[in-house]
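Working notes for the structure below.
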Protein chains: 2
Amino acid sequence: MGDLVETEQLIKKTARDIFFQKGRLKATTQEIADEAGVNRALIHYYFRSREQLLQVVFEEAVAETRQKIAAIFESDLPFKKKISQYLDVFIDRNFRYPYMQNFIITEINQNPDKEDDYLNKKRENLCRTIFPQLNEEIKKGNMAPVKPEHFIANLMSMCSYPLVAKPILQRMFALDDDGYKTFLQERKQVIYKTLFNEAPPKE
Amino acid sequence: MGDLVETEQLIKKTARDIFFQKGRLKATTQEIADEAGVNRALIHYYFRSREQLLQVVFEEAVAETRQKIAAIFESDLPFKKKISQYLDVFIDRNFRYPYMQNFIITEINQNPDKEDDYLNKKRENLCRTIFPQLNEEIKKGNMAPVKPEHFIANLMSMCSYPLVAKPILQRMFALDDDGYKTFLQERKQVIYKTLFNEAPPKE
DNA sequence: ATCACCGTTAACAAATTTGTTAAACAATTG
DNA sequence: CAATTGTTTAACAAATTTGTTAACGGTGAT
């Protein structure tokens, strides 16, 4: 049935949901095809191999987040305001695709040497952009002194881990899905307060 | 060659190193056998299946950490001292097996419904033990008020994430293996300071 | 010495999964 | 309508991996 160009998009969307929403990181091409309701050979027709499909889906998902984050830190907002916005964007984004963080980690752990340009550039830039801003903020006396590496590590840890380890924390705190969603929303405030030792400004 | 009971131990040790030190979570039985220098069939002879080997190796590794942590929080040290010790034990332990955190997360994500008794009990107990101690500490005015869930989330996040995401942070901060080791050691102080907004007491 | 047992081995069977191919089919264009 | 193009399908081939089995070898007990 001539689905126009839709089949390719359908496969991508299905794969993205299977991988990054449902967390079925080991899903076979057959499972993806079944869930998309298409013949398995079409996956190879459009993407050559399972790995290339994964690559495409992943890069597209990353690109979307990347530019949002970059825009924040390249703006001329006050530093603390940038962190607030980062928390908003990052947590909301990764709540939609809870297993993406997990995927990144697993993949990089599996091929630590593989040059993932998209990710590396993102991270290098992030550091180059943030480190000076952070040191400036400390010099101004707006926050306690801290090595930039540790500040970033703290920030990323407190954002990412509760997303990566959702099943662990959710069970540990006996929260249902709605409860965990609320918990993640609260974290925006909590992380800000933990990093700066002061409540975030009201909107 | 009659290796006494040693073969079984050798397989376990090899598997543990492959899985939890080297992070080769997808290692086949053949790879494990080769690295142990034994015939692959012996893995099935001793452990029936690849999965059961994994299970055994994992449980043994977890049990070791579990009791150390439990002992700390069941002691009658001051609360902040407990956190200090937790940081020491947890970070050192997981530095030896950097991929264990990662493994736990991947496994639980893959079978979120599977009743992993060993892990669940550990976590439930941890919560039951820590929450009252934490609230007590707040009531005494020794630390800023915070919901226990968020405090635990912060603590676990800042400990675990840099271990789980080692390849990411290591590259991001351009650290070699020694540099990253130092970084992790520094984190013990940094996390304490971030949680309590005061430097940890000297030893 | 022989028997039984345990550890070990190679060879095999079975299942799973990926990727290819050739043919069928649909849609569009001349 | 025929021809061409692009899409879809079923069937096949190949590789990978797990688990089983039957035979082999040494060790100790009777």
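No hydrogens, no waters, no symmetry mates; every other heavy atom, side chains included, goes into these values. A, B, ... follow the sequence lines: proteins, then strands. Residue 1 opens every chain.
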*Report the distance from atom CD of B/Glu51 to atom P of D/dT17, rounded to the nearest whole Å.*
17 Å

*Heavy-atom check, side chain of A/Leu175 versus side chain of B/Glu149, under 4.5 Å*: no

*OP1 or OP2 of C/dG19 under 4.0 Å from side-chain N/O of A/Tyr45*: no

*asked:* Nearest to the A/Arg48 side chain among C/dT20, D/dG19, C/dG19, which nucleotide is it?
replied: C/dT20

*Closest to side chain of A/Asn39, choosing from D/dA10, D/dT8, C/dT20*: D/dA10

*Go through the steps for B/Gln170 and B/Asp177 under the test side-chain hydrogen bond (donor to acceptor under 3.5 Å, both in side chains), then give the verdict.*
CA-CA 8 Å; B/Gln170 191 170 355; B/Asp177 277 353; 2.8 Å; yes

*Selected nucleotide, minimal atom distance to B/Tyr46 side chain, candidates D/dT18, D/dG19, C/dG7*: C/dG7

*Between A/Arg40 (CZ) and D/dC12 (C1'), how many Å, whole number?*
11 Å

*Given D/dT20, D/dT8, C/dT21, which nucleotide is nearest the side-chain atoms of A/Ala41?*
C/dT21

*Can you tell if the side chain of B/Ile152 reaches within under 4.5 Å of the side chain of B/Cys127, non-hydrogen atoms only?*
no

*A/Arg50 side chain: which of C/dT18, D/dG19, D/dT9 is closest?*
C/dT18

*Provide, to the nearest angstrom, the distance between the CD1 atom belonging to A/Ile11 and the C1' atom belonging to D/dT7.*
11 Å

*asked:* Please report the distance, rounded to the nearest Å, between NE2 in B/His44 and P in C/dG7.
replied: 17 Å

*Using whole Å, report how far NZ of B/Lys26 lies from P of C/dT18.*
11 Å

*Please check the phosphate of C/dT8 (OP1 and OP2 only) for any side-chain N or O of B/Thr7 closer than 4.0 Å.*
yes

_Integer-rounded Å distance: D/dT7 P and A/Phe47 CZ_ = 12 Å

*Length of the line joining A/Asp34:CG and C/dT16:C1', which is rounded to integer Å*: 14 Å

*Would you mind reading off the distance between B/Gln52 atom CD and D/dT20 atom P, rounded to a whole angstrom?*
10 Å

_Between the side chains of A/Lys68 and A/Asp88, is the shortest nitrogen-to-carboxylate-oxygen separation below 4.0 Å, so that they form an ion pair?_
no

*Out of D/dT18, D/dT8, C/dT8, whichever nucleotide has its closest atom nearest the side chain of B/Leu42*: C/dT8

_Short side-chain N/O contact to D/dT17 OP1/OP2 from B/Thr29, under 4.0 Å_ = no

*asked:* Return the CD1 to CZ distance between A/Ile32 and A/Phe19, rounded to the nearest 0.5 Å.
replied: 4.0 Å

